[in-house]
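Below is one structure, written out as structure tokens; comments come after it.
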Amino acid sequence: MRAERLFQIFLFLYLLLGLINLDTLPVVWNDEVQNLDPAVQHLQTGNWVSWLWPNPGATEQFASYPPFIHHWHRLMLVFLPLNPFWVRLPFLLITCLSLWSLFQILKRTDSQAYLALGLTLLFAWDRSVFEISRSVRVEPLAMALVMAYAWGPPSVLIRSFLLCLLPTCHLLLAPLALVMFIFEGIKHPKLQDRALLLSPALGIGLYLLYHYNWDISNAYRQMSYQIAKHSASTTSNGLHELLHTYKQAPVQALFFLVALLGLTYRQIRLRQHNFWLYALGLYLLTLSSAQPLHRYWPMAWLLLSLALAPLLIHAPKWLLGLGALALINGAGLYAARHFSALADRPARLSRPALAWLEQQLQSAPEGSLITGSALAAYAAYQNPNLEYGMPDYLQTFQQPRKAIKEVYVLDFGTRHRGPDTLSLPPCVCLGTYQTAPAQTIAGFQNWPGESYQSMKLYRLKNPNDWVKLMPEAHP
């Protein structure tokens, strides 16, 4: 069977499984609602604000994170409903489009079609890549911009626009975008071309100033706070997360390391310029200044894939063999994650869980606060009487505002560490969410994961006790 047909089958199955488990893998989590919240607040109030970020000033003018993903969400909310499935759908579609683009780019280099297919599958089945593809973080959008640039649009204006958007996705991409921007300037010495190159930078820069109400100091203060939270000085948690991610994918991690060392050795020995290897090296150097979180690695895998593309046909057999083992490792993990989600589907579906939660909160008075599981954010977005507060950052509600009349706590369900593991102030349990028994799929029913099964909703007897829920109240 031709490589193109095999890729089409793969992409169809990738999309199909992604759609089936879009609402269940993962369950609603913190980063999802944090990135969504500024867009929802703008939709509902007309202001870019958020109470889910602890950064100073975020409740007055949100500038805690580069704005691309928030503008993306705001645009999607014009056309799509505000629930987990529809919020996640564009990210899955963008990921599939990026995989198609990667295969086409790899195929048109010196690589054989089957080698291009293998490298695309290796990228798609990498643990960090397929976990992040539905997570409603900015990485799929940033990778799509890089893929569009790698495709080689003929217009200098378009290439410049794509590069200038990268820093608006994530600050870690700013050095990479700057160097690639300078490279474009070197390639195009004509004054007219350089004017076209600079125009998107000026346009986006002016828009950012307008977006931040011309207050650079506020943006600097919030961004600095965010950088400090994720700097290399706080590496232990990130390193633990990265090692935990790849302890089940050791062959994939080994292939990445061996391929990177091989490319570097070839670069030094043969002095052949490899643009994408330079880009990868710069990105890894930038990454060394931040926590080594697994969610930062999909971009590294993408740049490695682009760097490897013209050299695959000359790769030694042992490296191809290692790549084949990494493919098996990745395919097994990918299948395990999806089949475990299918086995636990009734307990993972957000729609019935949200319906139960919304019914429980129908009588919530105006000025109510709910905290706990991130699922509660979606319920609060549909109820004008409710506001959601993230458990780790409840201190934002200490600022002068309306009095809090009722406080609800939604625990995190099974296999989650949530408020129920803390010493809650005196409270009343309003209900427990129960689902139909999970289907039995041999070998997957006990796979580690999260669900909404046995999720409990509490109401504090004294609303003023909400301050006891803040992290500093539980040393």
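Owing to the predicted nature of the structure, the values given are computational and were not obtained by experimental measurement. Heads up: numbering here begins at 1 and tracks the sequence.
- Residue-environment remark: CG (Leu206) exceeds the threshold of 12 foreign heavy atoms within 6.0 Å.
- Atom OH of Tyr114 has more than 12 neighbouring heavy atoms from other residues, nucleotides or ligands inside a 6.0 Å radius.
- In this structure, Phe12 places its CZ atom where only 12 or fewer heavy-atom neighbours from other residues, nucleotides or ligands lie under 6.0 Å away.
- In this pair, Trp214 and Tyr210 present their aromatic rings perpendicular. The plane angle is above 60°, beyond the 30 to 60° band.
- Annotation for Trp29: atom CH2 counts as buried by contact number, over 12 foreign heavy atoms lying within 6.0 Å.
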Could you list the donor-acceptor pairs under 3.5 angstrom formed by side chains in residues 19-27, with sequence neighbours left out?
residue : atom : partner : partner atom : Å
Asn21   : OD1  : Thr24   : OG1          : 3.4
Asn21   : ND2  : His338  : O            : 3.3
Asn21   : ND2  : His338  : ND1          : 2.9
Asp23   : OD1  : Ser350  : OG           : 2.3
Asp23   : OD2  : Ser350  : N            : 3.1
Asp23   : OD2  : Ser350  : OG           : 3.1
Thr24   : OG1  : Asn21   : O            : 3.3

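- What you find for Gln252 and Leu333 is that their closest heavy atoms are OE1-CD1, 4.2 Å.
- Take Phe183 and apply the ring pair (Phe, Tyr, Trp, His ring centres under 6.0 Å) test, not counting sequence neighbours, and it matches Phe275.
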Side-chain donor-acceptor contacts of residues 150-167 below 3.5 Å, not counting sequence neighbours, with atom names and distances?
residue : atom : partner : partner atom : Å
Ser155  : OG   : Leu157  : N            : 3.2
Ser155  : OG   : Ile158  : N            : 3.3
Arg159  : NE   : Glu184  : OE1          : 3.1
Arg159  : NE   : Glu184  : OE2          : 3.3
Arg159  : NH1  : Pro153  : O            : 2.5
Arg159  : NH1  : Pro154  : O            : 3.3
Arg159  : NH2  : Glu184  : OE1          : 3.4
Arg159  : NH2  : His188  : NE2          : 3.0
Ser160  : OG   : Leu197  : O            : 2.5

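- Looking only at atom types and distance, the side chain of Asn213 has a donor-acceptor partner in the side chain of Gln61 under 3.5 Å away.
- No more than 12 heavy atoms of other residues, nucleotides or ligands sit less than 6.0 Å from atom CD1 of Ile216.
- Between Tyr393 and Trp53, the ring centre distance reaches or exceeds 6.0 Å.
- For His70 and Phe62, the ring centers are positioned less than 6.0 Å apart.
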- Query: Can Trp100 and Tyr14 be said to form a ring-ring contact (aromatic ring centres under 6.0 Å, His included), step by step?
  - Reply: CA-CA 11 Å; Trp100 178 84; Tyr14 192 95; over 10 Å; no
- Task: Verify side chain to side chain contact (heavy atoms under 4.5 Å, CB included) between Val258 and Leu322, making sure each step is shown before the conclusion.
- Result: CA-CA 9 Å; Val258 170; Leu322 181 61; 4.1 Å; yes
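- For the pairing with Trp297, the ring-ring contact (aromatic ring centres under 6.0 Å, His included) check across Phe130, Phe256, Phe123 returns one residue only, Phe256.
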